[in-house]
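For reference, the structure is listed below as structure tokens.
Along the sequence shown, the residues carry numbers beginning at 1. Every number for a ligand or one of its atoms is a count from 1 in the order of the listing.
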Amino acid sequence: MLEILLFGYLITCVSGQRGADVVLSCSLVEEGSGMGGMGGGAPFSRTPATLVLRDLAVTPDLSPDTLTPFNPPAVPDPNDIILEAKVTSPEIPEADLLLHADCNDQEVACEMSQYYPRDAQQGSTEPAYFIVSLQVEGGGLSLTLLLQTLSINKDQSDHPALMQSKLELPLSQSGTLLTEVVFLVFSRSQYRSAPLGGVALLDCGFRQQAQHTGQDVGLEWRLQHRGNGRRILEMRAGKRETEEEPVVHVEREGSSVDAARLTGQGNASLTLSRLKVPDEGTYICTVSSGLYQAQQVIQLHVIQPPQVSFSQEKLVFQDKLTQKLSCHCKNYYPLDVQIEWLSLGPTDSEPSIVSEQVSLSSHRQHSDGTLSLSSHLFLQPSAFPPGTTVTCRVTHAALDMPSSLSLTVQAPDPDSYWMVLGFLVITILFFYQVMK
Ligand SMILES: *[C@@H]1O[C@H](CO)[C@@H](O)[C@H](O)[C@H]1NC(C)=O
């Protein structure tokens, strides 16, 4: 359910004094109330909302014409949900990607919900927190932001602040909910593929406000695959030099996180070495610091290209019998592979696909999880005259381009009969000499 995301578009970019502002259409997701059991009502409800990110630090190559100002509604509407977030500290990493997404027509999925920090004071509604998840289409950047509401200066005007009708939180003069980013977890690559036996780096990082940087950081990496979950690694590290060594539990051999990079640079990336097929799945990077905790999800695919070979080195019809040529694809992963046969006769200009007289073996699975498959082609001498090139073309996810192997049908050797006879005569003569 949570996987279903509504896609929002970047509406406008605004030029500010220091950075740029980004306006995203979002949805506020709430657990369904009351209607849950009734007639299969949706467990979540969605309300349109807007997210305004203020003062994004961007490279100055963006021309000012691409930035158009965000105009708060002329008359504040208590039904509007407009979250305005200051993002000067911590800065949003790769903020350029958010701005460029607009120009590249990429969608940015945006979802927000209310967040309740660990050990939050019971009964207090302020400050309120929101957790916002942003994903740039195509997997270039995924962000989870924790926003904390800023208190509205009530003394400035005589009348009490307008309250947002749904959230019951005070609105600013311009009708927005003023917040600041207090913590964020991000990943710049949500899809990774790496070869069997190789190394994969799963990208995950976090940022927090400067005043919290002394705190201990907790990190957990979990793997979720086909309904099963297991912990890969857990770490707790302090920033101060006086702190004891970081506490690390490695539950998958050959997995590691650099503790110094975690506390020093906010880099929580996981290195997995000696990859095996069971390492494939959905990885969840959970970073916690103080009261805050957020996650990123990264998919890892293990890939291994097939080794393609023929059953024989030569293709010669010595008699008029049908010949079987097999094309073997060995030790590949994942399952899907396509094996095609092509034939190019001596007078043809283009190869043609051979679909008749072809049969596939069943898949064979090896102990390392890789698979093998063979395709057999039954060749009639009449359809494959000498000089015909027979090609086996293999397409697989681990291959950038299809892999092809070819054999050319050879004319039967007319001299072979005489060569065998000659060889026999010489042998007999040789033995005759020896025996004498
Ligand atoms: C973490 O460090 C690795 C190795 O230097 C780097 O490749 C990766 O981009 C960094 N990731 C983050 C999120 O900082």
Item checked: Nearest-contact summary for atom 7 (O) of ligand 1 - protein heavy atom, Å -> L201 CD2, 3.6 Å
Next item on the list: Pull out every atom of ligand 1 sitting under 4.0 Å from any heavy atom of F186, numbered as shown with elements.
Entry: 13 (C)
Notebook entry, point to check: In the protein, what heavy atom is nearest to atom 9 (O) of ligand 1, and what distance, to one decimal place, separates them?
Noted result: R188 NH2, 2.7 Å
Checklist line | The one among V257, D203, N267 that brings a heavy atom closest to atom 1 (C) of ligand 1 | finding: N267
Note to self: Check the orientation of Y332 and H396. Use parallel for under 30°, tilted for 30 to 60°, and perpendicular for over 60°.
What the structure shows: perpendicular
Note to self: Only heavy atoms of S269, strictly under 4.0 Å: list the atoms of ligand 1 that pass.
What the structure shows: 1 (C), 11 (N)
Next item on the list: Determine whether the side chains of H328 and S311 contain a donor N or O and an acceptor N or O closer than 3.5 Å.
Entry: no
Note to self: Less than 3.5 Å apart, any donor N or O on the side chain of Q296 or S142 sitting next to an acceptor on the other?
What the structure shows: yes
Check: Heavy atom under 4.0 Å from ligand 1: found in C204's side chain, backbone, both, or neither?
Finding: backbone
Next item on the list: Measure up the Y292 and Y129 rings against each other and bin them: parallel (under 30°), tilted (30 to 60°), perpendicular (over 60°).
Entry: tilted
Checklist line | Side chains of Q323 and Q312, donor plus acceptor under 3.5 Å | finding: yes
Check: Any sub-3.5 Å donor-acceptor pair from T263's side-chain atoms to A259's backbone N or O?
Finding: yes
Note to self: If we only consider heavy atoms of Q265, is any one of them less than 4.0 Å away from an atom in ligand 1?
What the structure shows: no
